[in-house]
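Accompanying notes for the structure given below.
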Number of protein chains: 2
Amino acid sequence: MTSVEPNSLVRGAGVALWRQIEQAVEAEIAERRLAAGERLPTEHALADRFGVNRHTVRQALASLEERGLVRVEQGRGTFVHDDPVDYAVRKRTRFSETIRRQNREPNSRLVRAESRPAEAAIARPLGLRKGDTVILLETVGEADGRPISIASHYFPAARVPDLIAAYRAEQSITRALARCGVPDYTRKSTRVTARLPTAEDARALRLPRSRPVLVAENLNIDQEGRPIEISIARLAAERVQLVFEP
Amino acid sequence: MTSVEPNSLVRGAGVALWRQIEQAVEAEIAERRLAAGERLPTEHALADRFGVNRHTVRQALASLEERGLVRVEQGRGTFVHDDPVDYAVRKRTRFSETIRRQNREPNSRLVRAESRPAEAAIARPLGLRKGDTVILLETVGEADGRPISIASHYFPAARVPDLIAAYRAEQSITRALARCGVPDYTRKSTRVTARLPTAEDARALRLPRSRPVLVAENLNIDQEGRPIEISIARLAAERVQLVFEP
DNA sequence: ACGTATTTGTTCGTATGTATC
DNA sequence: GGATACATACGAACAAATACG
């Protein structure tokens with residue numbers, strides 16, 4: 001199964017047992033003998049294998065988790081951290097394109113589509129007044145079947161009144177906007193922060209409530225420089241890295 | 001003290017009590033009668049004032065927290081959310097400058113300075129080999145006395161051997177690099193993710209372990225395009241917004 | 001280092017009104 | 001009408017984090 005032997009531990013040699021265990025597991029991960037996403041043996045099994053108490057194993061795993069190499073899930077087990085997806089943020093960032101560039105299979109599905117009055121925080125950057133009608137499209141983005149992001153896209157209804165129908169026909173925001181008379185749009189600014197997920201975020205991302213999400217608020221403008229979209233994406237932080245290259 | 005009256009609630013009028021409480025508190029915040037950062041009355045006191053059960057108050061506060069208007073801290077109280085600092089990420093981003101532009105008083109202090117062999121994750125982007133010597137400067141950045149970031153800055157020791165002494169003399173990375181023969185440097189790329197803070201991060205940022213930090217990994221290059229610095233900044237997510245404008 | 005008081009967090013249980021099938 | 005699900009509201013008790021002397 002694995003090549004870590006009980007006798008690889010040295011007792012009473014100045015290096016704590018749990019640090020030796022930590023290094024042994026770390027080496028297995030570095031050498032890809034434990035693949036990304038793979039489940040480690042149970043704490044009990046590791047304790048047996050190394051001939052130590054389970055507490056000693058737990059200390060090693062806690063340190064590995066703190067350093068971000070593994071992820072411990074109560075009741076399920078301990079897993080090697082998956083490789084995060086790089087999400088490149090450029091002037092023209094399209095979800096499916098950036099995922100495909102990393103040899104992963106993108107998928108996007110609509111979870112909400114409606115018209116509604118805009119809150120102040122949405123209206124202002126769009127150049128509207130609070131209460132003006134905006135169209136909200138909410139989409140969940142996946143890479144290789146793993147949910148990566150849930151994004152709320154807001155558009156001024158006056159500019160693109162038929163956007164919902166267009167989206168249903170095209171299954172793509174870029175193409176739906178084109179059909180509504182907005183052939184191109186680019187990113188004006190991005191604001192990034194992080195928080196713990198709401199119940200809805202956690203459900204859509206299949207993420208424990210205790211694991212943070214990145215929140216990326218994006219303002220997109222059309223060719224004439226007019227605001228055309230605000231998108232607020234919540235990204236599972238442990239599965240994504242936002243990459244900015246000027 | 002405050003002007004919210006018990007009789008401001010209407011029972012059995014189609015609007016849930018907790019929503020009425022939510023709106024009352026929201027109005028106080030909007031009108032600045034509750035200032036940013038200020039502590040709200042205790043749940044017990046609010047329950048008394050509105051003449052409802054504590055659960056009902058808690059539901060209102062939970063909704064306000066979900067929407068980002070307040071921040072609840074176990075054992076301490078509920079606080080109006082402070083205005084987050086905008087941290088602009090540009091080609092030439094200097095901490096003190098971006099903070100000062102928002103009429104806040106920046107402060108930076110050194111918490112660690114040492115030479116050490118580079119780990120693989122540091123060495124590779126710097127164009128070094130694992131084990132080559134790097135200089136590590138660790139700084140805590142504050143705005144108006146509130147800790148915002150703890151950042152680990154790695155430099156190739158071969159390029160700037162006297163950096164630690166230079167930093168002690170100059171108290172600024174930009175000026176210390178200039179003194180070591182690097183008159184200018186710019187940002188090549190930034191990678192952003194988020195996680196829960198380590199014990200050390202939490203202590204330096206005076207942040208509960210349960211609140212996420214943004215992790216911004218920055219690669220800086222000199223005028224000739226050679227890598228000169230990797231900085232890994234952990235930012236208290238609830239106090240900062242990273243702003244990218246191309 | 002320790003106990004105490006304060007404050008939020010969690011989990012029981014109970015009851016009521018409303019909407020839906 | 002009956003059955004069911006759901007959101008709302010209240011009460012009591014205890015757990016956990018924090019502040020303070």
Side-chain angles (χ1 to χ4, degrees), chain A residues 55 58 62 65-66 72-76 111-112 114 116 194-204 207-213, chain B residues 1-2 4-29 33-82 140 142 145-147 150 195-213 234 236-239:
Chain A
H55 288 303
R58 282 179 62 75
E65 173 165 48
E66 174 125 322
V72 182
E73 290 186 34
Q74 194 172 44
R76 298 227 305 134
V111 293
R112 183 175 297 168
E114 63 188 38
R116 55 147 83 175
R195 55 168 168 76
L196 294 180
T198 67
E200 193 195 342
D201 294 340
R203 195 171 350 98
L207 196 68
R209 292 285 309 257
S210 60
R211 313 218 168 238
V213 291
Chain B
M1 194 67 181
T2 173
V4 175
E5 302 295 336
N7 58 5
S8 62
L9 294 197
V10 185
R11 298 183 101 99
V15 181
L17 291 179
W18 69 266
R19 288 203 182 276
Q20 298 182 49
I21 296 170
E22 181 186 11
Q23 285 177 0
V25 176
E26 192 179 347
E28 289 206 36
I29 294 172
R33 301 221 308 283
L34 282 167
E38 192 176 335
R39 214 192 80 177
L40 270 62
T42 67
E43 296 174 351
H44 185 76
L46 287 172
D48 270 6
R49 178 180 305 166
F50 287 105
V52 299
N53 190 276
R54 185 161 79 100
H55 286 303
T56 312
V57 169
R58 282 177 61 75
Q59 188 146 10
L61 294 180
S63 176
L64 288 168
E65 173 166 50
E66 177 128 319
R67 294 170 48 208
L69 276 80
V70 303
R71 151 180 54 92
V72 184
E73 290 187 34
Q74 185 173 13
R76 300 227 306 133
T78 305
F79 302 82
V80 179
H81 221 300
D82 315 277
V140 172
E142 300 178 344
R146 221 165 32 132
I150 173 169
R195 55 167 169 78
L196 294 181
T198 67
E200 192 196 341
D201 293 340
R203 195 170 350 101
L205 294 171
R206 295 205 294 274
L207 196 70
R209 294 284 310 256
S210 60
R211 312 217 167 239
V213 290
R234 287 84 77 196
E238 63 192 30
R239 316 208 263 249

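Residue numbers begin at 1 in each chain, while the letters A, B, ... track the order of the sequences.
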Does [X] have a side-chain nitrogen or oxygen under 4.0 Å from the phosphate oxygens OP1 or OP2 of [N]?
| X | N | result |
| --- | --- | --- |
| Q59(B) | dT8(D) | yes |
| T78(B) | dT7(C) | no |
| N53(B) | dA9(D) | no |
| T56(B) | dT8(D) | no |

Would you tabulate the nitrogen or oxygen pairs shorter than 3.5 Å linking the protein to nucleotides 17-21 of chain D?
{"unit_1": "dA19(D)", "atom_1": "OP1", "unit_2": "R76(B)", "atom_2": "NH1", "d": "3.1"}

To the nearest angstrom, how far is [X] atom [atom1] from [N] atom [atom2]?
| X | N | atom1 | atom2 | result |
| --- | --- | --- | --- | --- |
| W18(B) | dC6(D) | CH2 | C1' | 14 Å |
| R211(B) | dT8(C) | CZ | P | 13 Å |
| L61(B) | dT7(C) | CG | P | 14 Å |
| F50(B) | dC10(D) | CZ | C1' | 17 Å |
| E65(B) | dT8(C) | CD | P | 12 Å |
| E43(B) | dT6(C) | CD | P | 16 Å |
| L46(B) | dT7(C) | CG | C1' | 12 Å |

At what distance, to the nearest 0.5 angstrom, does [atom1] of [X] lie from [atom2] of [Y]?
| X | Y | atom1 | atom2 | answer |
| --- | --- | --- | --- | --- |
| L34(B) | T78(B) | CG | OG1 | 11.0 Å |
| L196(A) | R211(B) | CG | CZ | 7.5 Å |
| T42(B) | R49(B) | OG1 | CZ | 9.0 Å |

| message | What verdict does the side chain to side chain contact (heavy atoms under 4.5 Å, CB included) test give for H81(B) and I29(B), after you've listed the backbone C-alpha separation in whole Å, the side-chain angles of each residue and the deciding distance to 0.1 Å? | response | CA-CA 10 Å; H81(B) 221 300; I29(B) 294 172; over 6 Å; no
| Those residues that, when tested against N53(B), pass side-chain hydrogen bond (donor to acceptor under 3.5 Å, both in side chains) (two or more places apart) |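 By the side-chain hydrogen bond (donor to acceptor under 3.5 Å, both in side chains) rule, N53(B) matches no residue at all.
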| Non-neighbouring partners of Q74(B) that pass side-chain hydrogen bond (donor to acceptor under 3.5 Å, both in side chains), sequence neighbours left out |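 Q74(B) satisfies side-chain hydrogen bond (donor to acceptor under 3.5 Å, both in side chains) with no residue once adjacent residues are dropped.
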| field | Partner set under salt bridge (charged side-chain N to carboxylate O under 4.0 Å, His left out) for R203(B), not counting sequence neighbours | value |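 Partners of R203(B) under the salt bridge (charged side-chain N to carboxylate O under 4.0 Å, His left out) test: none.
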Anything under 3.5 Å between a donor and an acceptor, one on a side chain of residues 56-65 of chain B, the other on a protein residue two or more places apart or in another chain? List them.
{"unit_1": "R58(B)", "atom_1": "NH1", "unit_2": "E43(B)", "atom_2": "OE1", "d": "3.4"}
{"unit_1": "R58(B)", "atom_1": "NH1", "unit_2": "E43(B)", "atom_2": "OE2", "d": "3.0"}
{"unit_1": "S63(B)", "atom_1": "OG", "unit_2": "E22(B)", "atom_2": "OE1", "d": "3.4"}
{"unit_1": "S63(B)", "atom_1": "OG", "unit_2": "E22(B)", "atom_2": "OE2", "d": "2.6"}
{"unit_1": "E65(B)", "atom_1": "OE2", "unit_2": "V72(B)", "atom_2": "N", "d": "3.4"}

| Under the criterion salt bridge (charged side-chain N to carboxylate O under 4.0 Å, His left out), which of R239(B), R146(B), R39(B) is the partner of D82(B)? |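 Among R239(B), R146(B), R39(B), the one that satisfies the salt bridge (charged side-chain N to carboxylate O under 4.0 Å, His left out) with D82(B) is R146(B).
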Quick test: give all pairs of protein nitrogen or oxygen and nucleotides 10-16 of chain C nitrogen or oxygen below 3.5 Å, distance rounded to 0.1 Å.
{"unit_1": "dT11(C)", "atom_1": "O4", "unit_2": "H55(B)", "atom_2": "NE2", "d": "3.4"}

